[in-house]
Amino acid sequence: MLNIAVLVSGGGTNLQALIDSEKRGEIINGTISLVISSKPDAYALERAKNAGIPSRVLLRKQYAASEDYDCALINLLREYQIDLVVLAGFMTIISDRVIASYRNRIINVHPSLIPAFCGEGFYGLRVHEAALERGVKITGATVHFVNEVCDGGPIILQKAVHVAGDDTAQTLQKRVMEEAEWQLLPRAVSLFCQGKLNITNDRVSINEQ
Ligand code: GAR
């Protein structure tokens, strides 16, 4: 069994999708062993508690130097013998040191079809505001490995979602979550835990057999 840590900052609906998926037995060879929140009042912490999953709050501002924060995060991941780190709406930037320590073992869910509406400053509702502003007719979600380039790591799964004429950022966010994120993230996690994701030349191939 691989130990999974889910890093959160907000509502935690993607965490909930992972918890529900694990309960249904769909996360093959993996278990959520730890939830780490960057905010003490994140509702995601309630979800972890309700599911009986240990959780910790790690505040960047509690550490004077970024190296100290990195060490605290890495030590916590080691303490729980974490094999896979899942960023599920985690709003603190993951440093190069942490990425190097967990090379190809950190995945992120992003609420657009990368490379559209991604990179620095594109998170949460802002992504959907930008999509509506541009007038795209199709958007979606992406699950990808995390490397040193913001939202630039190898893409694992993507799913398209239609944009309605009367969408607000909120209605679009909800549709992208329901139709794409909550399906893609548990699937990508399960594929990882089964050793079915191979990365060659920054591209992911899925070994489905
Ligand atoms: C999700 O839509 C996720 O894709 C997004 O934040 C939301 C978190 O919601 N992540 C990013 O924008 C990362 N750049 P949740 O807390 O309900 O899972």
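Both ligands and their constituent atoms are indexed starting at 1 by order of listing. Just so it is clear, the structure is predicted and the values come from calculations on it, not from any experiment.
Between the Asn207 side chain and the Lys196 main chain, no donor and acceptor come within less than 3.5 Å of each other. In this structure a side-chain-to-backbone donor-acceptor pair under 3.5 Å is missing from Ser190 to Arg187. Panel note: side chain Arg97, backbone Cys71; no donor-acceptor pair is recorded below 3.5 Å. Proximity of a side-chain donor or acceptor of Ser37 to a complementary backbone N or O of Lys39 within less than 3.5 Å is detected. In this structure a side-chain-to-backbone donor-acceptor pair under 3.5 Å is present from Thr142 to Ile114.
Of all the atoms in ligand 1, the ones that sit under 4.0 Å from a non-hydrogen atom of Phe122 are 14 (N).
Annotation: Asp151 places no N or O atom under 3.5 Å from an N or O atom of ligand 1; distance criterion only. The N/O atoms of Met91, backbone and side chain alike, include none that comes under 3.5 Å of an N/O atom in ligand 1. Between Asn14 and ligand 1, at least one N/O pair is under 3.5 Å apart. Between Gly89 and ligand 1, no N or O atom pair is found at a separation short of 3.5 Å.
Contact analysis leaves Val8 out of contact with ligand 1, as no non-hydrogen atom separation drops below 4.0 angstrom. Ala44 does not count as a contact of ligand 1, since none of its heavy atoms falls under 4.0 Å from the ligand. At a 4.0 Å cut-off, not a single heavy atom of Phe90 sits close enough to ligand 1 to count as contact.
For Arg60, the CZ atom sits in a packed shell: over 12 heavy atoms of surrounding residues, nucleotides or ligands are nearer than 6.0 Å. By the 6.0 Å contact criterion, CZ on Arg134 is open, its count of non-hydrogen atoms from other residues, nucleotides or ligands being 12 or less. The 12-atom threshold is not exceeded at CD1 of Ile93, counting heavy atoms of other residues, nucleotides or ligands nearer than 6.0 Å.
Met177 CE, 3.4 Å is the protein heavy atom nearest to atom 9 (O) of ligand 1. Nearest non-hydrogen protein atom to atom 11 (C) of ligand 1 is Pro111 CD, 3.6 Å. When only non-hydrogen protein atoms are considered, atom 14 (N) of ligand 1 lies nearest to His110 ND1, 3.3 Å. Among protein heavy atoms, the minimum distance from atom 12 (O) of ligand 1 is reached at Gly124 N, 2.8 Å. Atom 1 (C) of ligand 1 has as its closest protein heavy atom Glu181 OE1, 3.1 Å. Nearest protein neighbour of atom 10 (N) of ligand 1, counting heavy atoms only, is Val109 O, 3.7 Å. In this structure, atom 16 (O) of ligand 1 lies nearest to the protein heavy atom Gly12 N, 2.8 Å.
With side-chain heavy atoms closer than 4.5 Å counting as contact, directly or through intermediates, the hydrophobic cluster containing Leu76 also holds Leu7, Leu34, Ile36, Leu58, Tyr63, Tyr69, Leu73, Ile74, Leu77, Tyr80, Ile82, Val85, Leu87, Phe90, Ile94, Val98, Ile99, Tyr102, Ile106, Val146.
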Could you please spell out the steps behind the side chain to side chain contact (heavy atoms under 4.5 Å, CB included) verdict for Leu15 and Ile19? CA-CA 6 Å; Leu15 167 66; Ile19 291 170; 3.8 Å; yes
